[in-house]
S.K.: 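Please find one structure pasted underneath; my questions will follow.
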Amino acid sequence: MVVALLTAAGTGTRMHQNIPKQFIHVDDKPVIVYTMEAFQKHPNIDAILVVTLDSWDAVLKAYAEQFGITKLKWVVPGGETGQESIRNGLEALAKELSDDDIVMVHDGNRPLVSSEIISNSLAVFAERGSAVAAIPCTEVVFESDDGVSSIQSIEREKLFRTQTPHTYRLGELLDAHHEAEKMGLPPMAASCMLMKELGKTTYFSMGSEINMKITTIDDLKIFKALLHTGEDEGLT
């Protein structure tokens, strides 16, 4: 089984809105619904789990029914950190699925994930055993100790910006969370960062500049503009 685990437990303080960013409406539809629809439509996704704020679980279920998200099988309360929220979702899945089932962790406020990105993540997972969406860095990057000046740049050809989805075996990813807890590692929102700290190799799958994470009002404006382009079938 392939399960999309969507994280939607953030409070969205950078938005300065009264509701969490994942529930903000764009063209009469919440951001989280756009994200769920991407996985609902993909033929290789069997089920969806959403980790969300405890007080918003009934709202999420109502939206899923309203917009025909039939693959939503589980809604799990989030934790104090992104890492804890993911672990809560994994532990809920572990009660019903096997260690060899596949889990695709994805940001609930990254609604423009395309069918091609999902398919490529599964293909890289099948070949390598894990997959993390990434894109090459095209900007010149400087390293700075004070945030004011620098005399040290970093070769951009060696730099990659990770996104989601992150695809792993359920048992392997849950074991990593338990191991990190035993080791007393600090919380890490990104599963790939957690795996890196445990000495695991990260294998890149297809990402995209369009696969943006919505965290600010400006991001919402860009998202709405992209929805209205109609140039990509994944945006309609």
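As the structure is a prediction and not an experimental result, all values here were calculated from the model. Values reported hereafter were calculated over all heavy atoms of this structure, with side chains retained and with hydrogens, waters and symmetry mates removed.
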S.K.: Do the side chain of Arg169 and the main chain of Gly129 share a donor and acceptor less than 3.5 angstrom apart?
M.R.: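 Checking the backbone N and O of Gly129 against the side chain of Arg169, no donor-acceptor pair under 3.5 Å is found.
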
S.K.: Identify the heavy atoms of Asp57 and Asp54 that sit nearest to each other, and give their distance.
M.R.: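 Smallest interatomic distance, heavy atoms only, reads OD1-O, 2.9 Å.
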
S.K.: Does CD in Glu157 sit with more than 12 non-hydrogen atoms of other residues, nucleotides or ligands closer than 6.0 Å?
M.R.: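 Atom CD in Glu157 is packed in, count exceeds 12.
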
S.K.: Is there a donor-acceptor contact under 3.5 Å from the side chain of Gln83 to the main chain of Met188?
M.R.: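 Checking the backbone N and O of Met188 against the side chain of Gln83, a donor-acceptor pair under 3.5 Å is found.
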
S.K.: Rounded to the nearest 0.5 Å, what separation is found between the CG atom of Leu194 and the NE2 atom of His166?
M.R.: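 Result: 11.0 Å between the selected atoms.
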
S.K.: What about Met212 and Ile117, same hydrophobic cluster or not, with Ile/Leu/Val/Met/Phe/Trp/Tyr joined at side-chain heavy-atom distances under 4.5 Å?
M.R.: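 Yes, because Met212 and Ile117 connect within a single hydrophobic cluster, where side-chain heavy atoms sit under 4.5 Å apart.
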
S.K.: Test of understanding: clusters of I, L, V, M, F, W, Y form through side-chain heavy atoms closer than 4.5 Å, transitively. Do Leu227 and Ile214 belong to the same one?
M.R.: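 Result: yes, single cluster for both.
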
S.K.: Could you please spell out the steps behind the side-chain contact (heavy atoms from CB on, under 4.5 Å) verdict for Phe39 and Val113?
M.R.: CA-CA 9 Å; Phe39 292 92; Val113 58; 3.9 Å; yes

S.K.: Out of curiosity, Met104 CE to Leu170 CG, how far, rounded to the nearest 0.5 Å?
M.R.: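 With rounding to 0.5 Å, CE (Met104) is 13.5 Å from CG (Leu170).
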
S.K.: Just so I know, are the side chains of Val31 and Lys21 near enough to count as touching, which here means a heavy-atom distance under 4.5 Å?
M.R.: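 Side chain of Val31 against side chain of Lys21, heavy atoms only: no contact under 4.5 Å found.
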
S.K.: Indicate the atoms forming the closest heavy-atom contact of Lys73 with Ala47, along with that distance.
M.R.: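 Lys73 and Ala47 have their closest heavy atoms at CG-CB, 3.6 Å.
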
S.K.: Of all the heavy-atom pairs spanning His42 and Ser119, show the shortest one and how long it is.
M.R.: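 The pair with the smallest heavy-atom distance is NE2-OG, 2.7 Å.
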
S.K.: Taking side chain as C-beta onward, heavy atoms only, is Lys213 less than 4.5 Å from Thr164?
M.R.: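 Lys213 does not reach Thr164 side chain to side chain.
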
S.K.: Quick check: do Val103 and Leu174 have side-chain heavy atoms less than 4.5 Å from each other?
M.R.: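 No, side chains not in contact.
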
S.K.: Over all heavy atoms of both residues, which pair between Pro20 and Leu53 is shortest? Give the atoms and the distance, please.
M.R.: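 Smallest heavy-atom distance, with atoms named: CG-CD1, 3.4 Å.
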
S.K.: Identify whether Val3 and Ile69 are in the same connected component of the hydrophobic contact network (ILVMFWY, side-chain heavy atoms under 4.5 Å).
M.R.: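 The answer is no; the residues belong to distinct hydrophobic clusters.
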
S.K.: Ignoring hydrogens and geometry beyond distance, is a side-chain donor-acceptor pair present between Asn88 and Ser85 at under 3.5 Å?
M.R.: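 Note: Asn88 and Ser85 side chains miss the donor-acceptor criterion.
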
S.K.: For a quick test of reading the model, state the closest non-hydrogen atom pair linking Leu49 to Gly89 and the distance between them.
M.R.: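 Leu49 and Gly89 have their closest heavy atoms at CD1-O, 3.7 Å.
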
S.K.: Are the side chains of Val51 and Ile86 in contact, using a 4.5 Å heavy-atom criterion?
M.R.: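 Of all side-chain heavy-atom pairs linking Val51 with Ile86, none is under 4.5 Å.
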
S.K.: Taking the side chain as every heavy atom from C-beta outward, state whether Glu91 and His177 have any pair of such atoms under 4.5 Å apart.
M.R.: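 No, side chains not in contact.
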
S.K.: So, do Leu72 and Glu65 sit near enough that their side-chain heavy atoms are less than 4.5 Å apart?
M.R.: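 Side-chain contact under 4.5 Å: no.
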
S.K.: Can you get from Met206 to Leu226 by hopping between Ile, Leu, Val, Met, Phe, Trp and Tyr side chains that sit under 4.5 Å apart?
M.R.: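 Linked, Met206 and Leu226 end up in one cluster.
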
S.K.: Which value, rounded to the nearest 0.5 Å, describes the distance between Glu143 atom CD and Ser150 atom OG?
M.R.: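 OG of Ser150 is found 7.0 Å from CD of Glu143.
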
S.K.: Report the distance from atom CD of Glu116 to atom OG of Ser205, rounding to the nearest 0.5 Å.
M.R.: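 OG of Ser205 is found 13.0 Å from CD of Glu116.
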
S.K.: Is it true that, when you exclude Asp146 itself, more than 12 heavy atoms of the residues, nucleotides or ligands shown sit nearer than 6.0 Å to its CG?
M.R.: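 Yes.
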
S.K.: At what distance, to the nearest 0.5 angstrom, does OG of Ser208 lie from CZ of Arg110?
M.R.: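 The OG atom of Ser208 sits 10.5 Å away from the CZ atom of Arg110.
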
S.K.: Going only through I, L, V, M, F, W and Y residues with side-chain contacts under 4.5 Å, is there a path from Leu173 to Val76?
M.R.: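 Same cluster.
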
S.K.: Please round to the nearest 0.5 Å and tell me the distance separating atom CZ of Phe204 and atom CG of Asn120.
M.R.: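 Answer for the CZ-CG pair, Phe204 versus Asn120, is 13.0 Å.
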
S.K.: Are Glu139 and Arg161 close enough that some pair of their side-chain heavy atoms sits under 4.5 Å apart?
M.R.: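 Contact flag for Glu139/Arg161 side chains = yes.
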
S.K.: Parallel, tilted or perpendicular, judged at 30° and 60°: which one describes the rings of Phe67 and Tyr63?
M.R.: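 Aromatic pair Phe67/Tyr63 classed tilted.
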
S.K.: Taking atom CG of Asp27 as the centre, report whether more than 12 heavy atoms of other residues, nucleotides or ligands fall under 6.0 Å from it.
M.R.: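 Check passes, neighbour count above 12.
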
S.K.: Using a 3.5 Å distance criterion without hydrogens, assess whether the side chain of Thr35 forms a donor-acceptor pair with backbone atoms of Gly108.
M.R.: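 At least one qualifying donor-acceptor pair exists.
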
S.K.: Can you find a heavy atom in the side chain of Ser114 that is under 4.5 Å from one in the side chain of Asn211?
M.R.: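 Ser114 does not reach Asn211 side chain to side chain.
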
S.K.: Return yes if a side-chain donor-acceptor contact under 3.5 Å exists between Gln40 and Thr70, otherwise no.
M.R.: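 The answer is yes; a qualifying pair exists.
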
S.K.: Angle between ring planes, Phe23 versus Trp56, binned at 30° and 60°: parallel, tilted or perpendicular?
M.R.: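 Phe23 and Trp56: parallel rings.
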
S.K.: Is the backbone N or O of Gly207 less than 3.5 Å from a side-chain atom of Gln163, with the two atoms forming a donor-acceptor pair by type?
M.R.: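 Here the side-chain-to-backbone pair does not exist.
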
S.K.: Decide whether Glu96 and Trp74 meet the rule of one side-chain donor and one side-chain acceptor closer than 3.5 Å.
M.R.: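 Side chains of Glu96 and Trp74: pair found under 3.5 Å.
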
S.K.: Show your reasoning for whether side-chain contact (heavy atoms from CB on, under 4.5 Å) applies to Met193 and Thr162.
M.R.: CA-CA 10 Å; Met193 189 66 179; Thr162 63; over 6 Å; no

S.K.: For Asp101 and Met1, indicate whether the former's side chain and the latter's backbone hold a donor-acceptor pair under 3.5 Å.
M.R.: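 Yes; at least one donor-acceptor contact below 3.5 Å.
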
S.K.: For Glu155, does the CD atom have more than 12 heavy-atom neighbours from other residues, nucleotides or ligands under 6.0 Å away?
M.R.: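 No - once you tally the heavy atoms of other residues, nucleotides and ligands closer than 6.0 Å, there are 12 at most.
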
S.K.: Identify whether NZ of Lys or CZ of Arg in Lys29 sits under 6.0 Å from the centre of the six-membered ring of Tyr34 and within 45° of that ring's axis.
M.R.: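 Verdict for Tyr34: a cation-pi partner in Lys29.
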
S.K.: Start with the C-alpha gap between Asn44 and Ile118, add the side-chain angles, then the distance that decides, and say whether side-chain contact (heavy atoms from CB on, under 4.5 Å) holds.
M.R.: CA-CA 9 Å; Asn44 295 124; Ile118 296 171; over 6 Å; no

S.K.: What are the two closest non-hydrogen atoms of Ala9 and Gln22, and how far apart are they?
M.R.: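 It is N-NE2, 3.8 Å.
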
S.K.: Start with the C-alpha distance between Glu127 and Tyr203, add both sets of side-chain angles, then the distance that settles side-chain contact (heavy atoms from CB on, under 4.5 Å), and finish with yes or no.
M.R.: CA-CA 10 Å; Glu127 181 179 356; Tyr203 294 102; over 6 Å; no

